[in-house]
Amino acid sequence: MTVFYKNMYEKIINRGIFMINNFEIHIDFDRLESNIPKFECEFNFEGVKVYTTNKEIVFKCFISSDEIMSFQEATAKCRPKIIAIFDIISFLIGDSITIYDINHQSNSLKPNEDEEETKSNKFKFKFNDVDLSSQLRIILSKIENDKNTTLTLLDKWNKANYLLNVDDSHVLFLDETIINCFNIFELLADTTKKEYDCFIDEQSKKLLFEFYTNVGNFDNNKINDKVNQKNRLIKEILVGEFLNLSDKFKYFLQKYRLLDENLSYFVDRIIKIRNSIAHGRIVSNLFVMEYPLTPFYNIVNTEANLVNPIIVLTGVLISKYIGVDIWEKEWEKIKEIIEPNPVRVKEIIDGKLAIDINEKNQCNLTWYSVFLYYLSCKEKQRKSIELWFKGEIIKRNFETLDFYNLYEISVTLITTQDYELYQILSKIIFKIIKEDLYKWSSYRDIFLYLEVRNFVVEENKKKIDEILKNDNKRLIF
C-alpha cells in the first residue's frame with residue numbers, strides 16, 4: 001500500500017465515509033489500430049460499466065475500498081474484466097480491440113453512490129445499424145453459466161484476429177494465428193467429448209448385441225452379459241484407447257449440423273497444418289517467396305489463404321456453442337469457396353462423377369480444383385489429367401468458359417506437346433491476361449506460387465512470353 005493511499009484511507013475511516021475505487025479506461029475511436037466502423041453500446045459486466053460516446057469507448061470499473069490498493073493493484077483487479085469486455089465487443093463487431101488500443105486510464109477514490117452506475121438498466125449494442133443487444137444478452141448469460149470455457153473461447157478468437165491483423169500484410173503471425181484457432185477447435189471438441197464417448201459406447205453395444213443375437217442361441221440376459229464383457233475390448237479395437245481430435249471435433253460439427261464432406265476435408269487440412277507448426281517441420285522452400293512477403297519463414301505460408309476461412313469457421317462455431325447466430329452469413333459465403341476433397345476431382349477425371357466443372361455445383365468443383373489436384377500428382381497421373389482436360393475444353397463453347405478459374409491450370413499445362421491443346425491454352429491465357437480475369441495482382445504471380453511449391457516454371461514462363469509476343473499486341477501491366 002502506498003503512503004498516499006494509506007493516508008487517504010485513514011482520513012476516510014476517521015470521517016466514517018465509505019468510498020469506492022474508480023478505475024477508468026478511455027479508447028478513442030479515431031485512434032484504434034484497426035479502422036473499424038463506430039458502434040454504440042452501453043451495458044454492465046461484473047462491476048464494469050462500458051459505454052460509447054461520439055468519440056470514444058469508456059470503461060468504468062468500481063472496486064470497494066475496504067482494502068485500499070495501489071494503482072497497480074487496482075489495474076490488476078480490473079484487467080481480467082476489461083479483457084473479457086474487449087473479447088465480447090470484438091466478437092460482436094468482428095475486429096480486434098485490445099489493451100494496446102487504450103489511450104488513457106485513471107484511478108481515483110469516490111463516494112460509494114457512484115457505484116450505482118454499475119446497476120443501471122440501460123442496455124444496448126448497435127453495430128452497422130444492426131441491433132445486437134439480444135445477442136449480447138445471450139453471450140453474457142452464457143458467460144454467467146459457463147464462464148471459464150466461454151471467456152477462453154472468446155479471448156482466443158480475439159487474440160487470433162489480433163495476430164492476423166497486427167501487420168498490414170497479415171503475414172507476421174500466420175503460424176500463431178493458426179495455433180490459436182486450433183486451440184478453439186480443441187476446446188469445443190472437449191465440450192462434446194463425454195457425449196461422443198457415450199455415443200460410441202452405445203453403438204459398440206448395439207454391434208455386439210446384434211452379433212450375439214445372430215450367431216448364438218442365447219437369451220437376452222446371456223447376450224447382455226457377453227456384451228458388457230466384450231464392449232471395452234471392441235471399443236479399443238474400433239476406436240482406440242483414446243479418442244482422436246479429428247473424430248471428436250467432427251462429432252461437435254455434426255451435432256450442430258455443420259459437417260459435410262468439404263468441411264470434413266477442410267478440417268483434415270487444418271489438423272495437418274497445425275501438426276506441421278507444432279512439431280517444427282522444416283520449411284519446404286528457402287529460395288523464393290510469394291506475395292505478400294513475410295519477415296520470417298512461416299510454415300503455414302503456402303496455406304495462408306486458409307486463415308480467413310478458419311477465423312470465420314471458429315467464429316461460427318463459438319456462436320453455435322454460445323447460442324447466437326453471429327457469423328452464420330459469413331460462413332455461408334465461405335462454404336461456397338472451400339475446396340473439395342481431391343478424391344472428387346479424381347472421380348471426375350476417371351468419369352465416375354457426373355458434374356459440370358465449368359458451372360457452379362454442390363461440390364465446389366472448379367477448374368482451379370483440377371489445378372490443385374494436378375500439383376499433388378505424379379507425372380503419370382498428370383498426363384491423364386492433360387488428356388481429360390483437352391477432352392473437356394474442346395467440347396465447350398469458348399466464350400462460356402469459366403475463365404476466372406482456368407488461368408492456373410492453363411499456365412501449368414502450357415508446356416504440353418499436344419499442338420491442338422497448346423493452341424486452345426494459348427487462346428485462353430491471352431484472353432485472361434488481356435481482360436484481367438485472373439485472381440492475382442499480376443499475371444506473373446502464378447510463377448512465384450508454383451516455384452514456392454517446387455514446381456519448375458522456366459519453360460512455362462517462356463511459353464507465356466511467346467503467347468503475348470506473338471499476338472502482336474502491347475499489354476501494359
Side-chain angles (χ1 to χ4, degrees), residues 258-273 290 300-310 312-313 331-398 400-416 421 424-425 428-429 431-432 437-440 443 445-455 457 460:
L258 291 168
L259 188 64
D260 58 26
E261 184 182 87
N262 287 356
L263 183 52
S264 178
Y265 174 62
F266 185 66
V267 169
D268 292 340
R269 291 174 71 186
I270 296 171
I271 292 175
K272 186 176 180 181
I273 293 168
E290 59 186 312
V300 75
N301 204 44
T302 56
E303 303 285 1
N305 64 307
L306 299 182
V307 177
N308 274 319
I310 292 171
V312 176
L313 174 59
W331 176 242
E332 288 303 315
K333 292 178 181 177
I334 293 293
K335 278 176 63 178
E336 294 179 0
I337 61 172
I338 290 182
E339 281 299 321
N341 193 316
V343 170
R344 294 288 168 247
V345 181
K346 186 176 187 306
E347 287 178 347
I348 283 186
I349 293 169
D350 293 343
K352 296 178 181 179
L353 183 61
I355 284 181
D356 187 351
I357 203 169
N358 197 62
E359 301 290 339
K360 186 175 180 179
N361 55 74
Q362 69 271 23
C363 294
N364 290 356
L365 285 160
T366 65
W367 300 109
Y368 188 76
S369 308
V370 178
F371 163 71
L372 295 177
Y373 180 67
Y374 182 91
L375 293 183
S376 68
C377 290
K378 295 181 179 178
E379 196 59 39
K380 186 176 179 181
Q381 292 171 297
R382 288 178 176 179
K383 189 62 181 177
S384 65
I385 294 172
E386 181 181 315
L387 292 172
W388 170 85
F389 181 85
K390 179 182 177 181
E392 285 293 311
I393 286 293
I394 285 177
K395 69 183 183 182
R396 298 178 186 275
N397 183 306
F398 182 80
T400 63
L401 290 173
D402 178 15
F403 291 104
Y404 187 73
N405 285 304
L406 262 172
Y407 181 61
E408 292 78 13
I409 187 63
S410 299
V411 169
T412 308
L413 294 176
I414 197 61
T415 57
T416 179
L421 178 57
I424 297 170
L425 291 172
I428 291 172
I429 290 170
K431 178 180 176 65
I432 291 173
L437 300 176
Y438 43 79
K439 299 178 175 72
W440 316 87
Y443 76 93
D445 287 350
I446 180 62
F447 302 133
L448 288 175
Y449 178 92
L450 291 169
E451 283 186 87
V452 167
R453 288 152 183 82
N454 299 308
F455 188 94
V457 298
N460 302 73

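Quick caveat, the model's predicted, so the values are computed rather than measured.
Within the 3.5 Å criterion, the main-chain N or O of I432 finds no donor-acceptor partner in the side chain of Y443. Listed for the N358 side chain is a donor-acceptor partner under 3.5 Å among the backbone atoms of D402. Of the possible donor and acceptor atoms, one in the side chain of R453 sits under 3.5 Å from a partner among the backbone N and O of Y449.
Here the straight-line distance linking atom SG of C377 with atom CG of L372 works out to 11.0 Å at 0.5 Å rounding. To the nearest 0.5 Å, atoms CZ (R269) and CD1 (I271) are separated by 13.0 Å. Once rounded to the nearest 0.5 Å, the distance linking OG of S376 with NZ of K346 reads 11.5 Å. Between atom CG of residue N405 and atom OG of residue S369 there is a gap of 7.5 Å, rounded to the nearest 0.5 Å. Distance check, rounded to the nearest 0.5 Å: CD of E339 to CZ of F371 gives 10.5 Å. Atom OG1 in T412 sits 6.0 Å away from atom CG in L375 (nearest 0.5 Å).
The pair R396-D356 meets the salt-bridge criterion, with a side-chain N (NZ, NE, NH1 or NH2) lying under 4.0 Å from an Asp/Glu carboxylate O.
The nearest pair of heavy atoms linking S384 to I349 is O-CG2, 4.4 Å. In terms of heavy-atom proximity, Y404 sits nearest to K439 at O-NZ, 3.2 Å.
A side-chain contact (heavy atoms from CB on, under 4.5 Å) with F266 is found for exactly one of N341, D260, L313, namely L313.
Using cut-offs of 30° and 60° on the angle between ring planes, the pair F389 and W367 is perpendicular.
Contacts of N364 classified as side chain to side chain contact (heavy atoms under 4.5 Å, CB included), with partners at least two apart in sequence or in another chain: N262, I338, P340. Partners of K352 according to the side chain to side chain contact (heavy atoms under 4.5 Å, CB included) rule, which considers only residues two or more places apart in sequence or in another chain, are E347, D350. Partners of D268 by salt bridge (Lys or Arg N to Asp or Glu O under 4.0 Å), not counting sequence neighbours, listed by chain and number: K250. Looking at residues two or more places apart in sequence or on another chain, you find no salt bridge (Lys or Arg N to Asp or Glu O under 4.0 Å) involving D445. Listed by chain and number, the residues in a salt bridge (Lys or Arg N to Asp or Glu O under 4.0 Å) with K395 are E392 (sequence neighbours excluded). For the side chain to side chain contact (heavy atoms under 4.5 Å, CB included) test, residues two or more places apart in sequence or in another chain that qualify with K383 are E386. When the salt bridge (Lys or Arg N to Asp or Glu O under 4.0 Å) test is applied to E336, the partners found at least two apart in sequence or on another chain are K360. For W331, there are no side-chain hydrogen bond (donor to acceptor under 3.5 Å, both in side chains) partners two or more places apart in sequence or in a different chain. Annotation: side chain to side chain contact (heavy atoms under 4.5 Å, CB included) contacts of E261 (sequence neighbours excluded): R344. F403 is linked by a ring pair (Phe, Tyr, Trp, His ring centres under 6.0 Å) to F398, counting only residues two or more places apart in sequence or in another chain. Partners of N305 under the side-chain hydrogen bond (donor to acceptor under 3.5 Å, both in side chains) rule, at least two apart in sequence or in another chain, do not exist in this structure.
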Q: Would you sort out whether W388 and I348 count as a side chain to side chain contact (heavy atoms under 4.5 Å, CB included), showing the intermediate values?
A: CA-CA 9 Å; W388 170 85; I348 283 186; 3.4 Å; yes
Q) Yes or no on side chain to side chain contact (heavy atoms under 4.5 Å, CB included) for L406 and I393, after CA distance, side-chain angles and deciding distance? A) CA-CA 10 Å; L406 262 172; I393 286 293; 4.2 Å; yes
Q: Output, in order, the C-alpha distance, side-chain angles, deciding distance and verdict of side chain to side chain contact (heavy atoms under 4.5 Å, CB included) for Q381 and Y373.
A: CA-CA 10 Å; Q381 292 171 297; Y373 180 67; 4.0 Å; yes
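You'll find the side chain of Y265 stays beyond 4.5 Å of the side chain of V343, heavy atoms only. Between W440 and F447, the closest side-chain pair of non-hydrogen atoms is not below 4.5 Å. Side-chain contact between I355 and Q362 is present, with heavy atoms from C-beta onward closer than 4.5 Å. A 4.5 Å side-chain heavy-atom check between I446 and L450 finds at least one atom pair inside the cut-off.
Judged as a salt bridge (Lys or Arg N to Asp or Glu O under 4.0 Å), not a single pair has a partner in residues 361-371 (not counting sequence neighbours).
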